[in-house]
Amino acid sequence: MSPDPNETDAEEFDDDLNGLVKNSKVLLKEGEYEESKKETQRLEKEIRKVKKDQDEALSEFKKLRRRIDKKDGQGYDVSEADSILEEAKEALADMRYEEAFSLIDEARGALERALFLPFPLLEKNVSLNTVIRNNGGAVNFEFEVINRMEKPLGEILLNLSTPPGFKDLPEKKLGMIRPKEDRSVEAILKREDKIEQDSLADHIINNRIIVSSSLDCSYKYPVYKISIRNISDQPLKDITLKPFTPGSLESKETRKKIEWLDPSKEASVTFKLYPKSLEEEMKREEEEEEEEKEEESSIQEEEVKEEVKEEEEFLSEGSNYLLLGEELEHSYSIFDQYFSEQKDALVISTTIPYKISGEFGVEVNEENLIWLSNVESKYFQVIHPTKINDDLTDEIKEFVNNNEEGVIFIDKLERMVVENGFKSTVEFLEEVWETTASSEFTLLTHVNPEAFSEEEIKTLKKKLRLYQVL
């Protein structure tokens with residue numbers, strides 16, 4: 001805990017004052033009244049100067065503290081200014097006023113540089129949802145903030161971003177959003193002068209599609225999903241989607257494409273978003289990860305084999321395992337070794353099939369793989385990622401009914417959560433558990449712990465009786 005600047009405890013200053021007092025007493029005792037008087041006046045002058053510096057520094061400190069707190073509540077990244085002001089606080093407590101003034105000025109400059117974050121919503125259980133549709137010739141824009149937390153959100157200021165082809169909306173202040181409260185805003189979008197044919201804006205204006213988006217802020221980096229529903233009587237193709245998110249967010253992937261969409265069907269894409277103020281941190285983390293991977297690449301394969309051999313003893317038929325680890329390759333290695341002793345296996349994957357065979361060494365085909373994707377394939381069975389609680393569940397039940405024993409391997413559970421939400425994904429796993437509970441089937445589920453909170457990991461292990469083996 002840093003010192004309180006109001007409680008000054010500076011040995012050096014005390015020594016100076018004690019010296020002046022002692023010297024004044026000596027002079028007084030020796031009868032040097034005039035000199036003693038001068039020494040006393042010097043002492044009073046020194047005290048007044050220190051008191052003045054102290055009052056001014058404390059006043060500046062408190063003013064800046066209030067400004068930082070206000071900016072923080074408005075959603076600005078004030079970490080740099082806050083850190084510098086803490087140093088100023090320590091200098092004040094030690095009565096190093098010249099240094100304190102310098103640090104306060106430095107903190108003031110850092111506050112001016114503070115960038116706006118996506119409200120103060122990072123890693124909070126809050127969602128931002130939008131729906132854009134043609135409503136009788138006018139393009140209607142609906143924006144919703146859902147606060148699932150037990151605490152309020154302070155003074156939310158919305159920068160309502162819109163798809164290319166429409167003019168941006170003015171900032172909107174929502175005020176305080178109470179715990180477990182939803183707040184909505186509606187507006188009419190105005191089109192730009194020039195709109196490209198077959199663009200997203202063109203499809204909306206001509207009433208071919210309804211566009212919805214969801215921004216989930218509960219992870220370290222927000223996950224953004226755009227969904228398109230074809231409400232026309234003709235198939236649509238090559239729809240390019242770009243993130244239209246609050247201006248403080250950006251994605252490494254600037255665009256994604258939905259190649260084909262039949263009438264009355266819906267497709268979606270997802271983007272991982274980063275606050276612009278954390279861009280350098282993001283790049284640095286990626287560089288460090290690449291360096292670590294290069295250093296470990298020469299021994300990684302042997303380590304995986306040794307770990308699989310050691311953990312294989314804990315696997316038993318008819319049980320459910322939570323394969324908890326960042327490296328998907330490790331879980332595929334466990335599955336591959338376990339699968340070699342099984343008659344039948346089913347892989348449920350969001351990973352591109354050729355990568356499973358090429359990088360993980362597990363052969364997959366249309367009989368033993370269900371690929372969760374919005375891309376059609378001639379060679380593999382494909383189910384849309386949002387259909388886990390109907391189409392995918394039906395396929396798993398059929399697989400279990402047609403075989404006496406086997407193993408079901410689900411990779412990247414976090415991708416299911418991105419597409420369907422945590423609650424819906426847990427409901428899916430519970431149904432799979434019920435399907436395999438009375439059989440000799442083993443369920444292996446890979447989970448990257450970086451993508452889930454501690455509470456969510458506990459829920460998975462508690463509700464589904466999964467066992468952590470990594």
Side-chain angles (χ1 to χ4, degrees), residues 129-135 139-140 162-166 189 191 195-216 223-245 251-273 347-358 364-395 411-412 415-421 424-425 428:
N129 302 324
T130 66
V131 177
I132 303 174
R133 70 179 79 209
N134 187 319
N135 188 12
V139 178
N140 196 50
T162 57
F166 296 105
L189 294 185
R191 54 183 292 176
I195 295 179
E196 296 181 7
Q197 186 176 358
D198 292 331
S199 65
L200 189 67
D202 178 53
H203 286 309
I204 295 172
I205 290 170
N206 289 289
N207 210 23
R208 302 187 194 106
I209 62 175
I210 296 175
V211 181
S212 59
S213 71
S214 176
L215 178 59
D216 186 352
V223 176
Y224 180 67
K225 176 181 175 182
I226 307 177
S227 299
I228 304 295
R229 175 170 289 278
N230 183 357
I231 57 174
S232 71
D233 57 1
Q234 299 292 325
L236 302 174
K237 63 178 181 178
D238 296 333
I239 303 176
T240 300
L241 300 175
K242 302 177 183 179
F244 48 97
T245 61
S251 170
K252 290 187 295 183
E253 301 173 288
T254 57
R255 64 188 66 199
K256 289 186 177 182
K257 183 177 288 188
I258 295 176
E259 296 179 354
W260 188 269
L261 189 59
D262 288 326
S264 302
K265 295 295 183 180
E266 184 173 309
S268 61
V269 297
T270 58
F271 297 87
K272 192 175 183 180
L273 303 178
V347 179
I348 300 167
S349 175
T350 59
T351 304
I352 299 174
Y354 77 80
K355 185 173 183 178
I356 298 175
S357 302
V364 290
N365 52 54
E366 62 179 342
E367 296 180 356
N368 70 354
L369 172 70
I370 295 178
W371 184 22
L372 300 182
S373 173
N374 57 10
V375 178
E376 295 182 0
S377 174
K378 297 179 180 179
Y379 308 103
F380 298 96
Q381 182 179 0
V382 178
I383 292 179
H384 195 278
T386 61
K387 303 295 183 182
I388 63 173
N389 287 309
D390 33 56
D391 294 356
L392 180 56
T393 302
D394 292 342
E395 289 294 331
D411 80 353
K412 290 188 179 178
R415 292 296 303 161
M416 285 189 178
V417 173
V418 168
E419 297 288 350
N420 301 275
S424 182
T425 303
F428 158 74

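Basis for what follows: all heavy atoms, side chains included, without hydrogens, waters or symmetry-related copies.
Leu236 CG to Leu261 CG: the interatomic distance, rounded to the nearest 0.5 Å, is 6.0 Å. From Phe166, atom CZ reaches atom CD1 of Ile195 across 5.5 Å, with rounding to the nearest 0.5 Å. If you take CG on Asp238 and OG on Ser199, they are separated by 13.0 Å, rounding to the nearest 0.5 Å. Taken from CD1 in Ile348 to CG in Leu392, the straight-line distance is 4.5 Å, to the nearest 0.5 Å. Rounding to the nearest 0.5 angstrom, the gap separating the OG atom in Ser214 from the NZ atom in Lys225 is 7.5 Å. A distance of 9.0 Å separates OG in Ser264 from CG in Asp233, rounded to the nearest 0.5 Å.
A cation-pi arrangement, defined by a distance under 6.0 Å to the six-membered ring centre and an angle within 45 degrees of its axis, is present between Lys256 and Phe271.
In this structure, a donor-acceptor pair under 3.5 Å is present between the side chains of Arg415 and Thr270. There is no side-chain donor-acceptor pair under 3.5 Å between Asn420 and Thr386. Of the N and O atoms on the side chains of Asn389 and Ser424, at least one donor lies less than 3.5 Å from an acceptor on the other residue. Side-chain polar atoms of Ser349 and Asp411 form a donor-acceptor pair below 3.5 angstrom. Inspection of the Gln381 and Glu367 side chains reveals no N or O donor paired with an N or O acceptor under 3.5 Å.
Leu369 has its side chain within reach of Ile356: a pair of non-hydrogen atoms, C-beta onward, lies under 4.5 Å apart. By the 4.5 Å heavy-atom criterion applied to side chains, Val364 and Phe380 are counted as neighbours. A heavy-atom distance below 4.5 Å is not found between the side chains of Thr350 and Pro385. The shortest side-chain heavy-atom distance between Ser268 and His384 falls under the 4.5 Å cut-off. Within the 4.5 Å cutoff, no side-chain heavy atoms of Val139 are placed close to those of Arg191. Residues Asn230 and Glu266 are not in side-chain contact: their nearest non-hydrogen atoms beyond the backbone lie 4.5 Å or more apart. Looking at heavy atoms from C-beta onward, Val131 lies out of side-chain contact with Val211 at the 4.5 angstrom threshold. Residues Val269 and Ile258 form a side-chain contact, since some pair of their non-hydrogen atoms from C-beta on lies under 4.5 Å apart.
Taking the charged nitrogens against the carboxylate oxygens, Lys237 and Glu259 have no contact shorter than 4.0 Å, which rules out a salt bridge. We find that Arg208 and Asp202 are joined by a salt bridge, their nearest charged nitrogen and carboxylate oxygen being less than 4.0 Å apart.
Side chain of Asp390 to main chain of Asp394: no donor-acceptor pair is present (N/O by atom type, distance under 3.5 Å, no hydrogens or angles). The closest donor-acceptor contact from the side chain of Asp391 to the backbone of Ile383 lies at 3.5 Å or more, if one exists at all. Formation of a donor-acceptor pair under 3.5 Å by the Asn206 side chain with backbone atoms of His203 is not found in this model. Remark: side-chain polar atoms of Asn135 are not paired, donor with acceptor, to backbone N or O of Asn140 under 3.5 angstrom.
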message: Could you go through Ser251 and Lys272, starting from their C-alpha distance and side-chain angles, then the distance that decides it, and tell me whether this counts as side-chain contact (heavy atoms from CB on, under 4.5 Å)?
response: CA-CA 6 Å; Ser251 170; Lys272 192 175 183 180; 5.8 Å; no
message: Set out, in order, the CA-CA distance, both residues' side-chain angles and the distance that settles side-chain contact (heavy atoms from CB on, under 4.5 Å) for Val375 and Val382, then state yes or no.
response: CA-CA 8 Å; Val375 178; Val382 178; over 6 Å; no
- request: Test side-chain contact (heavy atoms from CB on, under 4.5 Å) on Tyr224 and Asp216 and set out the steps.
  value: CA-CA 6 Å; Tyr224 180 67; Asp216 186 352; over 6 Å; no
task: Take Phe244 and Thr130 through the test side-chain contact (heavy atoms from CB on, under 4.5 Å) and record every step on the way to the result.
output: CA-CA 10 Å; Phe244 48 97; Thr130 66; 4.1 Å; yes
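Nearest heavy-atom pair across Thr393 and Phe428 is OG1-CD1, 3.7 Å. Of all heavy-atom pairs between Pro243 and Ile226, the closest is CA-CD1, 4.2 Å.
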